[in-house]
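Notes to accompany the following structure.
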Amino acid sequence: MRRYEATREIMNAIGDELVVCNIGHPSQEVFTLRDRPENFYMFGSMGLASSIGLGLAMARDRKVVALDGDGSVAMNMGTLATIGLARPKNYTLVIVDNRSYGSTGFQRSFTADNLRLEEVARGSGVESVAVVDRQAEIAPTLTRLLGEDGPHVLVVKCEPGMPEGIGVIPIDGMEVRDRFMAAVASGRRGSDPARTRGIRSLA
Ligand SMILES: [Mg+2]
């Protein structure tokens, strides 16, 4: 199973959740598999999908799924500490761990060697951490998590590589932004401080 096959299972499990997707090939694969206005594709800011998703979850009373990669989470690992502190119930971070930097040629990443992001998540105070490595487990696991209070971190272990023919996203960043903002605005508005614990101690 490569990221593409894992992403297909992930997107099959998505209902009306807002999805923030990592820059590069991950966003291109999501666009190819299941484009929808509720998807926010990143065209920059490598490493920040999990942080953008976290902020969105804290600001809106909607379920938010951030779809991120091992290399990106490794370069912004403080995001796990922040999720463990803020603990928004409506947030799920999915880390597709292919042990490589896929968008730059599949060079080996930290998770090919010393880094276990699920352990970092647990050590950051995230109580709901799941790891799956079988394709058939992905959709049922994500569906279950999305039905329970979070925050959740789901690590999907897969192999490097991607299919031929995944093209660039043919709509520009401003259109992605505008239609995503409209999709967010069409849902329930407002934040509920009771959904988060502890974040104010950062102020
Ligand atoms: Mg990767």
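Values below: every heavy atom of this structure, side chains too, minus hydrogens, waters and symmetry copies. Quick caveat: nothing in here was measured; it's all calculated off a predicted structure.
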To the closest 0.5 Å, what do you measure between [atom1] ([X]) and [atom2] ([Y])?
X: T111; Y: N98; atom1: OG1; atom2: CG; result: 7.0 Å
X: M162; Y: S103; atom1: CE; atom2: OG; result: 7.5 Å
X: F180; Y: L18; atom1: CZ; atom2: CG; result: 4.5 Å
X: H25; Y: T7; atom1: NE2; atom2: OG1; result: 12.5 Å
X: I14; Y: L142; atom1: CD1; atom2: CG; result: 5.5 Å

query = For H152 and S128, does a side-chain donor sit closer than 3.5 Å to a side-chain acceptor?
reply = yes

inquiry  = Within the 3.5 Å criterion, strictly below it, is a donor on D35 or Y41 matched to an acceptor on the partner's side chain?
reply    = yes

ask   = Transitively linked via ILVMFWY side-chain contacts under 4.5 Å: Y101 with Y4?
value = no

Salt bridge present between E5 and R8 (N-O < 4.0 angstrom) = no

message = Check E38 with R179, please: is the shortest side-chain N to carboxylate O separation under 4.0 Å?
response = no

request  = Assess whether side chain to side chain contact (heavy atoms under 4.5 Å, CB included) is satisfied between K157 and E118, documenting all intermediate values.
outcome  = CA-CA 11 Å; K157 307 273 189 179; E118 60 273 23; 3.2 Å; yes

Atom CZ of F110 with >12 non-hydrogen neighbours under 6.0 angstrom = no

inquiry  = Please enumerate all residues that pass side-chain contact (heavy atoms from CB on, under 4.5 Å) together with S50, with sequence neighbours excluded.
reply    = D68, N76, T79, Y91, L93

